[in-house]
Q: 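I am attaching a structure below and will ask some questions about it afterwards.
Values in this document were obtained by computation on a predicted structure and should not be read as measured data.
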Amino acid sequence: MPQPPPLCRLLHRLHRRPPISQPRRAFVDARVKWIRDRALDHAVEKEKHLQPFHALKDLLLFPSSAASSSPSGPSFPLAFIASRAADLRLPFRPIRFIRLFPSAFIEELPPPAAGAPPRPVIRPTPALLSLHDDERRAFEAARPDAADRLLRLLMLAPRRRLPLCLVDRLRWDLGLPRDYARSLLPDYPDYFQIVPSTTGIGGALDLELVLYRKDLAVSAMERYAMKTGGYKKGMSLAFPLHFSRGFDLEKKVRKWLDEWQKLPYISPYEDASHLVPKSDLAEKWMVAKLHEVLHLFVPKKTEKENLVLLGEHLGLSPGFRKVITHHPGIFYVSNKLKTQTVVLREAYRRDLLVGKHPLMGLRYQYIHLMHKGKETDAKKKHSKSRIGAAHGSIDNGITAEDEEGEEEDDEDEDEEEEEELSAASGVDTEDESDDEHVSQSSTMEQRETTRHGTNRRVMVSN
């Protein structure tokens, strides 16, 4: 009987060789207590209403057939804004939301046509127009960076595509302009293409990767290790750990964590299908994946629901949510603003970003403009009372006392939601006594924004 060729015999022996040994999961099911971090909670909470505010600003200032223009800027009928309230994700009635920010939005009542009821209109203030122009220039300067971020996100997906609706949801975190599908994607045909979805849902679209750039397939962890020198693929890399004040791991958990940090670092851009499910090595790869995603986002944080929706497209197992709770030194989950927000701890020093993207500097200026309106709250209520007396139809029956009471109700609901989310998370929480330091750092940032128009701290774009 003829013998098989030597190459065939070699392949047969390799096929029969047992797989490379991987450390099985050694994590002990100890309860990991999460202590509330007031500084990071403040980093989340200070952006309250920022996204609906920004969405309303875009509605007013992006070209639209519903807008009427004048030398003082475009304006929209209040009725049209009310019809788009759900898309804008306004937290309450449009007129009340608009009146919270008199430094950004102006109420006007043009003379009505004969026999017609008054139709109030809303227009931006000069300060909002100026800030919007600054943002447009920042978007233009950051176009290559935005394209690279989006490209890297697609490179993290095993199928090299993501639902376009999911990219729309992540647009704010990725630092993409609202009209990115028209203003950004067509300029990078070698990077992206919009294709029909493979889900079978009629009309659904995916954003697909055209070009895989190996030079970009380097994680933030690897880039930092290469700067320090001596790093090679497959070596061990330890994640930076930052715990809340007063936090202490049980001895057995600390021992496990020390050993886990010494495991080889597998790049999130590499295929990990060969890893044993639920092993410590597989968990380290999942942490690397989540770590890289948060690094791609300009605020270095995102709603937990975004990660849940993104996880299945990034090849993460359904149990990856527990990975976040296992590593409170890497990730922090805030229960503020009626949702859960995952924050990358290493990216923040107290409530301030360490390396701030230029777009974040502009967002902080928007926050300053929003707060500037609240500083003149008393004047606003007095002016609103006069306007309401002249044309009560704008108020829709809302008095100053009603709005103040509703605002307090909204804050009470926030506190109740936070308690419910904390209970639902299944982890113990304790308070951290940081209020004085948080207030100081917030005040410093406001002063810098007021004085310079933007924070002059060191800005490092990843």
Q: Between S244 and R345, is there a side-chain donor-acceptor contact under 3.5 Å, judged purely by atom types and distance?
A: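 Yes, a side-chain donor-acceptor pair sits under 3.5 Å.
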Q: Fit a plane to each ring of F80 and F76, take the angle between them on a 0 to 90° scale, and name the class: parallel (under 30°), tilted (30 to 60°) or perpendicular (over 60°).
A: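 F80 vs F76 ring planes: parallel.
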Q: Take the angle between the ring planes of H327 and W256 and call it parallel below 30°, perpendicular above 60°, tilted in between.
A: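 Answer is tilted, since the angle falls between 30° and 60°.
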Q: Holding to salt bridge (charged side-chain N to carboxylate O under 4.0 Å, His left out), I want the full list of residues that pass it with E346, two or more places apart in sequence or in another chain.
A: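 For E346, no residue satisfies salt bridge (charged side-chain N to carboxylate O under 4.0 Å, His left out) once neighbours in sequence are set aside.
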Q: Return the set of residues passing ring-ring contact (aromatic ring centres under 6.0 Å, His included) with H313 (not counting sequence neighbours), or none when no residue passes.
A: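 Per chain and number, H313 pairs via ring-ring contact (aromatic ring centres under 6.0 Å, His included) with no residue.
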Q: Do R169 and E305 touch side chain to side chain, with heavy atoms closer than 4.5 Å?
A: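 Yes, side chains in contact.
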Q: Between R149 (side chain only) and L296 (backbone N and O only), is there a donor and an acceptor less than 3.5 Å apart?
A: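 Yes.
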Q: Quick check for you: to the nearest 0.5 Å, what is the distance between D145 atom CG and R143 atom CZ?
A: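 Spacing of CG (D145) from CZ (R143) equals 12.0 Å.
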Q: Give a yes or no on whether a salt bridge exists between E47 and R363, defined as a side-chain N under 4.0 angstrom from a carboxylate O.
A: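 Looking at R363 together with E47, the answer is no, because their closest N to O distance does not fall below 4.0 Å.
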Q: Would you please name every residue forming a salt bridge (charged side-chain N to carboxylate O under 4.0 Å, His left out) with E135, sequence neighbours left out?
A: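 E135 satisfies salt bridge (charged side-chain N to carboxylate O under 4.0 Å, His left out) with K57 once adjacent residues are dropped.
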Q: Mind checking side chain to side chain contact (heavy atoms under 4.5 Å, CB included) for D133 and listing every partner two or more places apart, or none if nothing turns up?
A: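 Partners of D133 by the side chain to side chain contact (heavy atoms under 4.5 Å, CB included) criterion, ordered by chain and then number, come out as R136, R137.
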Q: Can you check whether D351's main-chain N or O pairs, donor with acceptor, with K46's side chain at less than 3.5 Å?
A: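 Answer holds: yes.
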Q: Does the Y332 side chain pair with the main chain of L40, one donor and one acceptor, at a distance under 3.5 Å?
A: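 It does not hold such a pair.
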Q: Can you tell me how the ring of F97 sits relative to the ring of F92, calling it parallel under 30°, perpendicular over 60° and tilted otherwise?
A: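 Taking F92 first and then F97, their aromatic rings sit tilted (interplane angle of 30° to 60°).
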Q: Got a sec, which residues hit ring-ring contact (aromatic ring centres under 6.0 Å, His included) with Y191, two or more places apart in sequence or on another chain?
A: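 For Y191 the ring-ring contact (aromatic ring centres under 6.0 Å, His included) partners, ignoring immediate neighbours, are Y188.
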Q: Tell me every residue that passes salt bridge (charged side-chain N to carboxylate O under 4.0 Å, His left out) with R171, counting only those two or more places apart in sequence or in another chain.
A: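 Here no residue qualifies.
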Q: List the residues meeting side chain to side chain contact (heavy atoms under 4.5 Å, CB included) with A127, not counting sequence neighbours, and say none if there are none.
A: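 A127 satisfies side chain to side chain contact (heavy atoms under 4.5 Å, CB included) with T125, L369 once adjacent residues are dropped.
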Q: Take the angle between the ring planes of F53 and F105 and call it parallel below 30°, perpendicular above 60°, tilted in between.
A: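 Judged by the thresholds at 30° and 60°, the geometry between F53 and F105 is tilted.
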Q: Sequence neighbours left out, what pairs pass salt bridge (charged side-chain N to carboxylate O under 4.0 Å, His left out) with at least one residue falling in residues 228-239?
A: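 Matches after skipping sequence neighbours: E222-K233, K233-E270.
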Q: With H242, which residues qualify under ring-ring contact (aromatic ring centres under 6.0 Å, His included), at least two apart?
A: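 By the ring-ring contact (aromatic ring centres under 6.0 Å, His included) rule, H242 matches no residue at all.
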Q: Who are the side chain to side chain contact (heavy atoms under 4.5 Å, CB included) partners of R89, not counting sequence neighbours?
A: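 R89 satisfies side chain to side chain contact (heavy atoms under 4.5 Å, CB included) with E303 only.
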Q: Check salt bridge (charged side-chain N to carboxylate O under 4.0 Å, His left out) between R84 and all other residues, then give those that pass, not counting sequence neighbours.
A: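 With neighbours one apart ignored, the set is D87.
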Q: Using the test side chain to side chain contact (heavy atoms under 4.5 Å, CB included), find all partners of T302 that sit at least two apart in sequence or belong to another chain.
A: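 Applying side chain to side chain contact (heavy atoms under 4.5 Å, CB included) to T302 gives D173, L294, F297, N306, L307.
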